[in-house]
Amino acid sequence: MSKVERIPTGISGLDEMLAGGIPKGRVVLVVGGPGTGKTILCAQYLVNGIVNHGEPGLFITLDENRNHLIREMTSFGWDIPGFEKANKWAFIDVSPSQNVEGEAKSSKLTIGKKDFSMEWVIARIKAEVKSLGAKRLAVDPITSLVFHYQDTTQRRSVILDLVDTLSSTDATTIMTTELRIAGLERNVQLEEYLAHGVIVLQTLQVGKAITRVIQIEKMRETPIDTQIRPYRITEKGIEIYSRESVF
Ligand SMILES: Nc1ncnc2c1ncn2[C@@H]1O[C@H](COP(=O)(O)OP(=O)(O)O)[C@@H](O)[C@H]1O
Ligand SMILES: [Mg+2]
């Protein structure tokens with residue numbers, strides 16, 4: 001087997017669980033409940049790409065607007081406006097509070113108060129990846145993009161379209177989705193079958209303590225650590241203790 005090129009996330013402990021990083025060009029889904037650190041993980045992945053490798057990153061935000069995100073990420077010492085000025089970071093802000101001026105198109109999709117199509121989002125992503133030369137993408141979260149499609153067949157084709165588009169770019173993607181049913185025996189969601197890799201973030205009660213835990217459920221072309229490992233969110237971002245066990 002030829003050697004797989006990997007994109008290190010630069011997140012402490014995560015690359016160890018991934019045999020070095022995410023296979024280049026793949027689309028990885030991070031599944032987790034609210035407050036588990038999905039947005040932080042996305043931003044940290046892009047920041048590390050810029051700081052450690054000089055790789056430009058594109059952040060597609062669907063829930064929180066740009067200003068809000070920048071403010072939160074500043075507390076980790078990440079100077080996102082500085083990266084933007086250096087043309088290393090760009091946002092596509094399709095959050096409900098952001099106004100998209102007259103660009104809505106056919107086959108409408110409603111996100112918050114806005115109408116725009118999935119084709120429009122996909123076209124924007126392609127154009128931005130090209131103009132920025134993005135090597136890393138974050139889509140956070142895809143929930144509002146796909147939740148709209150109740151019909152399973154339609155939803156499947158929309159997610160596949162998105163995954164295909166993202167992996168046809170020169171970049172490697174982390175996208176997120178809300179975990180609907182938590183616990184060790186949760187339901188696997190459609191998105192998880194369609195993504196190339198799945199990482200699950202949860203909080204579990206272990207004895208009397210509540211612990212944040214991470215598990216790699218799948219990653220194509222990768223001999224993964226499938227054990228459940230503890231992680232913390234600190235002032236430096238996400239830190240995974242890849243040598244510690246939870247149980
Ligand atoms: N500076 C910080 N130090 C420690 N924990 C933090 C800090 N900032 C945010 N957090 C934690 O990060 C969580 C939010 O992370 P976020 O990535 O927004 O979650 P998600 O996107 O999964 O909803 C909060 O629950 C909070 O506990
Ligand atoms: Mg979030």
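In this chain, residues are counted from 1 in sequence order. Every number for a ligand or one of its atoms is a count from 1 in the order of the listing.
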Looking only at N/O atoms, are Glu64 and ligand 1 under 3.5 Å apart anywhere?
no
Under 3.5 Å donor-acceptor, Gln215 side chain and Thr226 backbone
yes
Atoms in ligand 1 flagged as close to Arg212, the criterion being non-hydrogen separation under 4.0 Å:
25 (O), 27 (O)
Cluster link Ile199 to Tyr241, ILVMFWY, side chain under 4.5 Å:
no
Under 4.0 Å from any heavy atom of Gly33, which atoms of ligand 1 are there?
22 (O)
Identify the protein heavy atom lying closest to atom 16 (P) of ligand 1, giving its residue, its atom name and the separation to 0.1 Å.
Gly37 CA, 3.7 Å
Out of Ile233, Leu179, Val30, indicate the one that has the non-hydrogen atom closest to atom 11 (C) of ligand 1.
Ile233
Any N/O/S atom, side chain or main chain, of Thr39 closer to the Mg ion (ligand 2) than 2.8 Å?
yes
Which is it for Glu178 and ligand 1 at heavy atoms under 4.0 Å: side chain, backbone, both or neither?
neither
Quick check: does any side chain N or O of Ser95 sit under 3.5 Å from a backbone N or O of Asp63, one acting as donor and the other as acceptor?
no
Counting distance only, does the side-chain N/O of Ser168 pair as donor-acceptor with the main-chain N or O of Leu166 below 3.5 Å?
no
Non-hydrogen atoms of Ala43 versus ligand 1: any pair closer than 4.0 Å?
no
When distances are taken from atom 2 (C) of ligand 1, the protein heavy atom at minimum range is Phe76 CE2, 3.8 Å
Per-atom filter on ligand 1: closer than 4.0 angstrom to a heavy atom of Thr39 are 17 (O), 18 (O), 21 (O)
Does any non-hydrogen side-chain atom of Glu64 lie less than 4.5 Å from one of Thr39?
yes
Do side-chain atoms of Arg229 reach the backbone of Ser242 as a donor and acceptor pair under 3.5 angstrom?
yes
Report the nearest protein non-hydrogen atom to atom 13 (C) of ligand 1: residue, atom name, distance rounded to 0.1 Å.
Gly35 O, 3.6 Å
When you compare the side chain of Val47 with that of Phe76, does any pair of heavy atoms fall below 4.5 Å?
no
Out of curiosity, Lys38 NZ to Ile238 CD1, how far, rounded to the nearest 0.5 Å?
10.0 Å
Taken to the nearest 0.5 Å, the spacing of Leu62 CG from Met175 CE works out to 11.5 Å
Compute the shortest N/O to N/O distance between Lys38 and ligand 1 and return yes if it is under 3.5 Å, no if not.
yes
Using a strict 4.0 Å cut-off to heavy atoms of Pro34, name the atoms of ligand 1 that fall inside it.
23 (O)
How far is atom 15 (O) of ligand 1 from the closest protein heavy atom, and which atom is that?
Ile40 CD1, 3.3 Å
Quick one: look at Thr176 and ligand 1, take heavy-atom pairs under 4.0 Å, and tell me if it's side chain, backbone, both or neither.
neither
Taking Gly77's backbone N and O only, do any of them form a donor-acceptor pair with Lys236's side chain (distance below 3.5 Å, no angle check)?
no
Within ligand 1, which atoms have a heavy atom of Thr234 less than 4.0 Å away?
3 (N)
